[in-house]
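On a predicted model such as this, the values are computed, not experimentally measured, just so you know.
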Amino acid sequence: MINVFSFTCDSRSHNRTCFELGSLFSKLLSSQTHRKMAAGLLILVCAVAVLSSAEAQDSYNGLPEIYKKGVDLAMQQLSTHARVQHHYRFLKTVGKLETEGGFGMRYFYHHFHLKPTRCPKGTTETDPQRCPYRNDRPLMDCAVCYKTSGEQIEAQPNPYVHCIQKPRLTEEMKKARLDHYKKMVYHSGAPTLLAVKT
């Protein structure tokens with residue numbers, strides 16, 4: 001009898017999951033037809049897992065440079081925090097806001113998720129094969145607010161960075177993040193700039 005589950009996935013971080021699914025399917029299914037169908041399904045599941053992992057790896061590279069700078073601010077803050085033990089990498093954007101302030105000034109709000117990796121804190125490795133994601137730790141939910149001039153983040157007002165493990169994020173925290181962004185834009189005079197007649 002041919003074992004239709006004798007294959008591995010392309011991504012090392014998903015090998016164990018694919019093997020476990022393969023073992024489960026082989027135990028549950030008895031007929032050759034069912035095994036072939038299960039193998040096809042298993043290959044599809046593993047392919048989706050590998051593709052979603054590759055997509056997440058490329059999502060940081062797909063960000064505009066000014067958004068990358070905000071993500072980098074959050075990563076720097078995490079790397080200096082004493083209780084953070086792992087290296088994090090950008091996973092995905094949850095939401096973005098951008099306000100034109102006039103005279104080349106812009107205000108950004110970027111809400112995103114970072115995912116822990118198997119590499120220790122302080123690692124600069126970005127290769128997913130050398131620094132794979134961990135699935136046994138929660139995501140880090142981050143929001144950054146900052147003002148830019150051209151393509152550079154301004155020192156004043158101070159950029160705002162807030163990161164917390166996703167399960168601990170509350171609705172009050174989400175509201176406080178957005179309120180901080182609104183205050184930053186409002187105190188700059190950006191909403192009234194467009195109302196001034198010349």
Side-chain angles (χ1 to χ4, degrees), residues 51-119 121-128 131-135 137-194:
L51 289 174
S52 66
S53 176
E55 181 182 304
Q57 306 307 323
D58 292 335
S59 59
Y60 175 82
N61 294 333
L63 286 174
E65 285 301 316
I66 198 65
Y67 283 99
K68 285 182 187 178
K69 290 178 182 181
V71 170
D72 293 343
L73 280 176
M75 300 276 279
Q76 288 170 355
Q77 187 181 59
L78 279 176
S79 69
T80 60
H81 197 283
R83 295 181 68 188
V84 173
Q85 300 300 313
H86 303 285
H87 174 65
Y88 283 81
R89 287 204 338 256
F90 181 80
L91 181 65
K92 67 177 182 175
T93 293
V94 177
K96 297 184 212 176
L97 295 173
E98 184 178 335
T99 303
E100 292 289 331
F103 304 109
M105 300 292 178
R106 292 187 299 169
Y107 298 85
F108 292 89
Y109 171 84
H110 188 194
H111 178 200
F112 54 91
H113 290 157
L114 299 174
K115 190 164 183 172
T117 68
R118 299 199 177 277
C119 295
K121 177 171 71 172
T123 300
T124 57
E125 183 62 62
T126 58
D127 183 356
C131 206
Y133 285 135
R134 294 180 71 116
N135 292 321
R137 300 282 189 272
L139 296 176
M140 194 64 71
D141 191 285
C142 296
V144 293
C145 306
Y146 49 92
K147 174 183 174 183
T148 66
S149 176
E151 291 297 313
Q152 298 301 316
I153 294 177
E154 294 285 304
Q156 292 299 323
N158 287 333
Y160 170 82
V161 178
H162 181 260
C163 292
I164 190 166
Q165 288 179 334
K166 191 172 182 253
R168 297 175 51 209
L169 182 67
T170 65
E171 290 301 317
E172 292 80 24
M173 289 176 189
K174 290 179 186 177
K175 183 180 180 313
R177 289 170 166 183
L178 284 170
D179 287 347
H180 190 91
Y181 173 72
K182 291 173 187 174
K183 287 177 188 173
M184 182 183 283
V185 172
Y186 179 77
H187 287 302
S188 72
T192 58
L193 185 63
L194 298 176

Steps toward side chain to side chain contact (heavy atoms under 4.5 Å, CB included) verdict (T123, T117): CA-CA 10 Å; T123 300; T117 68; over 6 Å; no

K121 side chain to H81 main-chain N or O, any donor-acceptor pair under 3.5 Å? yes

Salt bridge present between K68 and E65 (N-O < 4.0 angstrom): yes

Using the rule given for side chain to side chain contact (heavy atoms under 4.5 Å, CB included), can you reason through E151 versus R106, listing the C-alpha separation, both sets of side-chain angles and the distance that settles it, and then say yes or no? CA-CA 9 Å; E151 291 297 313; R106 292 187 299 169; 3.2 Å; yes

Given side chain to side chain contact (heavy atoms under 4.5 Å, CB included), test T93 with Y60 step by step and report yes or no. CA-CA 9 Å; T93 293; Y60 175 82; over 6 Å; no

Measure from the ring center of Y67 to the ring center of F108 and say whether it is less than 6.0 Å. yes

Side chain to side chain contact (heavy atoms under 4.5 Å, CB included) for K175 and L178? Distances and angles first, verdict last. CA-CA 5 Å; K175 183 180 180 313; L178 284 170; over 6 Å; no

In terms of side-chain heavy atoms, does K115 have a donor or acceptor partner in N135 at a distance below 3.5 Å? yes

Indicate yes or no for a side-chain donor-acceptor contact from E172 to the backbone of L169 under 3.5 Å, with no hydrogens or angles considered. no

Verify whether one side chain among D141 and H162 offers a donor that lies under 3.5 Å from an acceptor in the other. no

Quick one: does K166's side chain have a donor or acceptor within less than 3.5 Å of a partner on L139's backbone? no

Just checking, any donor-acceptor pair under 3.5 angstrom between side chains of Y181 and T99? yes

